[in-house]
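Quick note: numbers below take in every heavy atom, side chains included, and nothing from hydrogens, waters or symmetry partners.
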Amino acid sequence: ESPQYTVVHSESDFEVRFYRDSAWMTAPTDEISFEKATKVGFHRLFEFIEGANLNFSRLAMTKPVLTSIVPGGGPLGSSAFFVKFYLPVEFQADPPTPLPELNLEPDRWTGHCIAVRSFSGFARDSNIVKQAEKLALSLSRSSRWANSTNTGRSSGYAYSVAQYDSPFKLIGRVNEVWVDVNGSEEDGCK
């Protein structure tokens with residue numbers, strides 16, 4: 001399963017989607033690298049979906065694994081990272097409570113608009129900033145989307161990296177950089 005969205009605008013190097021209300025489980029980390037934070041956060045979230053919750057419920061794996069980044073929000077001015085799993089539909093309304101030692105937090109999203117740039121290969125510390133910069137440049141060149149980014153949403157994330165594939169998949173990998181943009185579904189996310 002994946003979060004539900006509608007594509008409201010598409011260009012050659014990015015698209016804008018309206019994501020519906022959804023529930024996620026989040027693992028905040030104090031790691032100083034994207035790769036390490038994603039690995040550590042993923043393992044805590046994986047324990048949760050394998051039954052490390054107060055209901056002992058097993059949850060199906062969903063995609064993508066989303067790592068949200070706040071530059072300068074972490075220890076010693078490093079970035080802060082929040083690794084997220086989308087909760088399966090059957091647990092959207094009432095997610096199981098994670099075991100306290102996992103340090104996980106539920107994250108409820110209200111419907112909002114996200115600009116998305118896809119890229120292949122592995123998402124690494126060495127390439128995610130470049131991909132986010134390419135998305136920002138594309139948005140700034142588009143008269144419709146210039147000055148539309150919205151890092152002031154309640155999350156405050158600068159951008160997120162969505163990874164859709166298992167680390168064991170070596171070719172044909174799909175990743176995305178996401179950034180919130182202003183607007184609503186009704187106005188086409190303008």
Side-chain angles (χ1 to χ4, degrees), residues 2-29 31-35 37-38 41-42 45 62-74 77-87 105 107-165 173-190:
S2 294
Q4 299 297 301
Y5 66 86
T6 304
V7 175
V8 295
H9 180 81
S10 186
E11 293 196 18
S12 62
D13 56 346
F14 76 94
E15 66 184 21
V16 177
R17 302 172 181 163
F18 178 80
Y19 278 84
R20 299 189 185 348
D21 294 356
S22 58
W24 298 67
M25 191 58 69
T26 300
T29 72
E31 300 296 332
I32 60 171
S33 103
F34 164 82
E35 291 174 63
T38 300
F42 174 87
L45 289 162
T62 59
K63 56 185 172 181
V65 172
L66 189 68
T67 304
S68 296
I69 300 143
V70 181
S78 65
S79 294
F81 300 95
F82 301 84
V83 184
K84 303 169 184 255
F85 274 0
Y86 170 75
L87 293 170
E105 304 165 358
D107 186 9
R108 293 223 175 261
W109 287 13
T110 57
H112 64 283
C113 301
I114 300 176
V116 176
R117 174 185 171 77
S118 296
F119 65 100
S120 60
F122 284 88
R124 303 267 190 228
D125 289 305
S126 60
N127 66 1
I128 60 166
V129 172
K130 291 175 190 160
Q131 292 298 328
E133 289 171 346
K134 287 179 180 180
L135 176 57
L137 182 61
S138 295
L139 290 169
S140 72
R141 289 181 175 164
S142 170
S143 61
R144 185 172 180 187
W145 303 105
N147 302 315
S148 67
T149 59
N150 180 12
T151 57
R153 198 169 80 83
S154 61
S155 66
Y157 305 127
Y159 63 97
S160 299
V161 176
Q163 299 179 75
Y164 288 85
D165 298 303
R173 297 181 60 79
V174 176
N175 307 292
E176 296 171 339
V177 175
W178 292 6
V179 65
D180 289 353
V181 293
N182 296 318
S184 65
E185 184 178 30
E186 293 77 34
D187 69 4
C189 292
K190 293 180 194 167

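Taking both residues in full, the closest heavy atoms of Cys113 and Phe18 are given as SG-CD1, 3.9 Å, listed atom of the first, atom of the second, then distance. Taking all atoms of both residues into account, the shortest heavy-atom contact from Lys63 to Pro3 is O-CD, 3.5 Å.
Applying the ring-ring contact (aromatic ring centres under 6.0 Å, His included) criterion to Phe42, with sequence neighbours excluded, gives Phe46, Phe85. Under the ring-ring contact (aromatic ring centres under 6.0 Å, His included) criterion, Trp178 pairs with Tyr19, sequence neighbours left out. Residues satisfying the side-chain hydrogen bond (donor to acceptor under 3.5 Å, both in side chains) criterion with Asp13, sequence neighbours excluded, are Ser138. Shown here are the side-chain hydrogen bond (donor to acceptor under 3.5 Å, both in side chains) partners of Glu11, two or more places apart in sequence or in another chain: His9, Ser142. The side-chain hydrogen bond (donor to acceptor under 3.5 Å, both in side chains) check on Asp125 picks up Ser33, with sequence neighbours excluded.
Between the side chain of Asp165 and the backbone N or O of Phe122, no donor-acceptor pair lies under 3.5 Å. Thr26 places no side-chain N or O within 3.5 Å of a backbone atom of Phe82 that could act as its donor or acceptor partner. Not one N or O on the side chain of Asp107 forms a donor-acceptor pair closer than 3.5 Å with the backbone of Met25.
Contact of the Ile128 side chain with the Ile69 side chain is registered, since non-hydrogen atoms from C-beta on lie closer than 4.5 Å.
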Only distances under 3.5 Å count here; give the side-chain donor-acceptor pairs of residues 130-137 to other protein atoms, sequence neighbours excluded, each with its distance to 0.1 Å.
{"from": "Gln131", "atom 1": "OE1", "to": "Arg117", "atom 2": "NE", "distance (Å)": "2.8"}

